[in-house]
Undergrad: 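Below is a structure I'd like to ask you about.
For reference, positions follow the sequence shown, starting with 1.
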Amino acid sequence: MFAEFCLPVHLASLRERFQADGAVLVRGLLSPDRVNEIRRVAMDAVAARQPPFELEAELGYPGAPVSTAVEGGGTIRRLRNMAARNPVFAAWAGDPQLLTMVSYLLDTPKITLTQVHHNSLMSKQPSFSSDTRWHRDVRYWRFARPELVSAWLALGSETSENGGLGFIAGSHQVDFPEHAYDEREFLMASHPLAAPWVARAVFPDLQAGDVVLFDARTFHAASRNRTAHTKYSLVYSYHASSNQPLAGSRSASQLGLIFNVAKQQMEVSGL
C-alpha cells in the first residue's frame with residue numbers, strides 16, 4: 001500500500017513516501033466547485049469531439065472495438081493538449097498547491113509541464129473501454145533522466161469496477177529483464193519475476209478532487225469500465241526544467257510550459 005495524505009500536507013513526509021513507493025495519494029486536493037468547473041468544460045470538449053484526440057480502436061487494447069468502422073469505433077479514449085485548450089485546464093496545470101508538491105518531489109523550484117505526454121483528459125466509457133496492462137510511462141518517453149511526476153486528478157468516483165488505476169508500490173526502483181515484457185512492452189503479470197510484484201498492487205478508490213502523484217517509472221494498470229457511467233480523469237506530467245527531452249524524440253516535439261516555484265513557497269508551503 002502507498003501513503004494517503006489529507007490537507008494540510010507535510011511536504012517532507014510526502015517526499016519520503018514518494019521516494020519509497022513511487023506514488024502518493026492526496027485526498028481532496030481540489031475543491032468540489034473547481035472539479036465541477038473542470039468537468040463541465042471537459043464534457044463540452046468531449047461532446048464537440050474537439051481534436052486532437054485518441055480513439056480506443058486506434059490502440060486496440062483488450063476490450064476495445066476492433067476498428068473504427070464497427071459499433072463503438074468512434075469511442076474517445078483521451079483528449080490531448082488539455083492545458084492549451086481552455087484557461088480552466090491551464091489554471092489546474094499551474095495550481096500553486098499542485099506545483100509546490102511537484103517541485104518538492106522533483107527537488108527543484110523550476111519545473112516544466114510536458115505538453116506531449118500525459119497532458120490529457122482520460123476516459124473510460126461503459127461499453128467500449130479497454131484494459132491497460134501493467135506498464136511504466138518511461139517506456140515511451142525520452143528524457144535525459146527518467147524522473148518525471150504525473151498528477152492524476154479524479155473528476156468523479158474511481159474504483160476497480162469503472163477502470164480506476166492500480167499501482168505497484170516500490171516498482172519504480174525495479175528493473176525487469178526484457179523477457180518479462182510482451183511485444184507491446186507491457187509487463188507480463190504471470191512472469192516469475194513479475195508475479196510477486198503484481199500481487200502487491202493496490203487499486204485505490206478515488207473521489208472527485210483526489211490526486212495521485214506517481215513516478216513515471218512506477219508500474220500501473222487499469223481494467224475496462226464495467227459500470228453504466230463514463231469515468232473521466234485529468235492527468236498532467238512534469239519534469240525538472242533541467243531534465244531536457246532527447247533531441248529528435250517525440251518528447252521533444254513540443255515545447256513544455258515552465259513554472260517557477262518560489263523558494264519560500266517550497267520551504268513553507270501553506271498547504
Undergrad: Counting C-beta onward and ignoring hydrogens, is there a side-chain heavy-atom pair between R40 and D44 closer than 4.5 Å?
TA: yes
Undergrad: Is the shortest side-chain heavy-atom distance between L213 and L98 below 4.5 Å?
TA: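 L213 reaches L98 side chain to side chain.
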Undergrad: R15 side chain to L106 main-chain N or O, any donor-acceptor pair under 3.5 Å?
TA: no
Undergrad: Closest approach of M101 and V26, non-hydrogen atoms and distance?
TA: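 The answer is SD-CG2, 4.1 Å.
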Undergrad: Ignoring hydrogens and geometry, is there a side-chain-to-backbone donor-acceptor pair from T218 to A23 under 3.5 Å?
TA: no
Undergrad: So which heavy atom on G163 is nearest to which on K231, and how close?
TA: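 Reported closest heavy-atom pair: O-CE, 3.4 Å.
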Undergrad: Is the backbone N or O of S241 less than 3.5 Å from a side-chain atom of Q244, with the two atoms forming a donor-acceptor pair by type?
TA: yes
Undergrad: Strictly by modelled atom types, are D137 and Y140 linked by a side-chain donor-acceptor pair under 3.5 Å?
TA: yes
Undergrad: Please examine the side chains of F176 and H191, heavy atoms only from C-beta on, and report whether any two atoms are closer than 4.5 Å.
TA: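 H191 vs F176: side chains apart.
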Undergrad: I'd like to know whether H118 forms a side chain to side chain contact (heavy atoms under 4.5 Å, CB included) with R78, so could you lay out the CA-CA distance, the side-chain angles of the two residues, the decisive distance to 0.1 Å, and finally the verdict.
TA: CA-CA 10 Å; H118 275 356; R78 77 177 88 200; 4.0 Å; yes
Undergrad: Same cluster or not: are L257 and I111 linked, directly or through other Ile, Leu, Val, Met, Phe, Trp or Tyr residues, by side-chain heavy atoms under 4.5 angstrom apart?
TA: yes
Undergrad: Is W141 linked to L165 within one hydrophobic cluster, defined over Ile, Leu, Val, Met, Phe, Trp and Tyr using a side-chain heavy-atom separation of less than 4.5 Å?
TA: no
Undergrad: At what distance, to the nearest 0.5 angstrom, does CZ of R34 lie from CG of N36?
TA: 12.0 Å
Undergrad: With the 4.5 Å side-chain cut-off for hydrophobic clustering, are W92 and V149 part of the same group?
TA: yes
Undergrad: Let me confirm one number: the CE-CE distance from M122 to M82, rounded to the nearest 0.5 Å.
TA: 11.5 Å
Undergrad: Under the 6.0 Å and 45° cation-pi test, does R136 pair with F214?
TA: no
Undergrad: Are I38 and F89 side-chain neighbours, meaning at least one heavy-atom pair lies under 4.5 Å?
TA: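 They are in side-chain contact.
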Undergrad: Can a donor-acceptor pair be found between the side chains of S171 and R200 at a distance below 3.5 Å?
TA: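 Absent: no donor and acceptor within the cut-off.
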Undergrad: Looking at S157 and Q207, would you say the former's side chain and the latter's main chain have a donor-acceptor pair under 3.5 Å?
TA: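 The answer is no, because no donor-acceptor pair under 3.5 Å joins these two groups.
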Undergrad: Passes side chain to side chain contact (heavy atoms under 4.5 Å, CB included), F186 versus Y61? Steps please.
TA: CA-CA 11 Å; F186 289 113; Y61 289 170; 3.5 Å; yes
Undergrad: Using a 3.5 Å distance criterion without hydrogens, assess whether the side chain of R49 forms a donor-acceptor pair with backbone atoms of G74.
TA: yes
Undergrad: Any heavy-atom pair between the side chains of F203 and S223 that's under 4.5 Å?
TA: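 No, every pair of side-chain atoms sits at 4.5 Å or beyond.
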Undergrad: Would you say that R224 contacts R226 through its side chain, given a criterion of any heavy-atom pair below 4.5 Å between the two side chains?
TA: yes
Undergrad: Would you kindly confirm whether I258 and L148 end up in one hydrophobic cluster when ILVMFWY residues are joined by side chain heavy atoms under 4.5 Å apart?
TA: no
Undergrad: In terms of the angle between their ring planes, are F143 and H117 parallel, tilted or perpendicular, with boundaries placed at 30° and 60°?
TA: perpendicular
Undergrad: Do side-chain atoms of S251 reach the backbone of R142 as a donor and acceptor pair under 3.5 angstrom?
TA: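 Yes; at least one donor-acceptor contact below 3.5 Å.
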Undergrad: Answer yes or no: is there a donor N or O on one side and an acceptor on the other, between the side chain of D210 and the main chain of G28, under 3.5 Å?
TA: yes
Undergrad: Determine the minimum heavy-atom distance between L113 and A83, stating which atoms define it.
TA: CD2-CB, 3.8 Å
Undergrad: Does a side-chain heavy-atom distance below 4.5 Å link L79 with R85?
TA: yes
Undergrad: I need the T112 OG1 to N260 CG distance, nearest 0.5 Å.
TA: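 Here the interatomic distance stands at 9.0 Å.
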Undergrad: Nearest 0.5 Å please: distance from the CG atom of L155 over to the CZ atom of R39.
TA: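 One gets 6.5 Å once the value is rounded to the nearest 0.5 Å.
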Undergrad: Any chance CD of E16 has more than 12 other-residue heavy atoms, nucleotides or ligands included, within less than 6.0 Å?
TA: no
Undergrad: Using the rule that two of Ile, Leu, Val, Met, Phe, Trp, Tyr join whenever any of their side-chain heavy atoms come within less than 4.5 Å, decide whether V70 and L59 are in one cluster.
TA: no
Undergrad: Please name the pair of heavy atoms, one in G73 and one in A57, separated by the smallest distance, quoted to 0.1 Å.
TA: O-CB, 3.9 Å
Undergrad: How long is the span from the CG atom in L105 to the OH atom in Y238, to the nearest 0.5 Å?
TA: 12.0 Å
Undergrad: To check you understand the geometry: which heavy-atom pair defines the closest contact between L193 and P196, and what is its length?
TA: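 Scanning both residues completely, I find the closest heavy atoms to be O-CD, 3.8 Å.
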Undergrad: So with a 6.0 Å cut-off around CG of L246, is the heavy-atom count from everything else above 12?
TA: yes
Undergrad: List the steps and the verdict of side chain to side chain contact (heavy atoms under 4.5 Å, CB included) for R139 and Y181.
TA: CA-CA 11 Å; R139 66 179 179 153; Y181 298 88; over 6 Å; no
Undergrad: Please assess H229 against N162 for the test side chain to side chain contact (heavy atoms under 4.5 Å, CB included), listing each intermediate value before the final yes or no.
TA: CA-CA 8 Å; H229 305 284; N162 69 357; over 6 Å; no
Undergrad: Do E56 and S129 have side chains that get closer than 4.5 Å, going by heavy atoms?
TA: yes
Undergrad: Could you check whether any side-chain N or O of N119 sits under 3.5 Å from a backbone N or O of V116, counting only pairs where one atom can act as donor and the other as acceptor?
TA: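 Judged by distance alone, no pair lies under 3.5 Å.
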Undergrad: Could you tell me whether the side chain of N225 and the main chain of K124 form a donor-acceptor pair under 3.5 Å?
TA: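 Yes; at least one donor-acceptor contact below 3.5 Å.
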Undergrad: Heavy atoms only: give me the nearest V35-A208 pair and the separation to one decimal.
TA: CG1-CB, 3.8 Å
Undergrad: Quick one: does any side-chain atom of Q173 pair with a main-chain N or O of Q19 as donor and acceptor, under 3.5 Å?
TA: yes
Undergrad: Can you tell me how far apart CG (L55) and CD1 (I76) are? Round to the nearest 0.5 Å.
TA: 6.5 Å
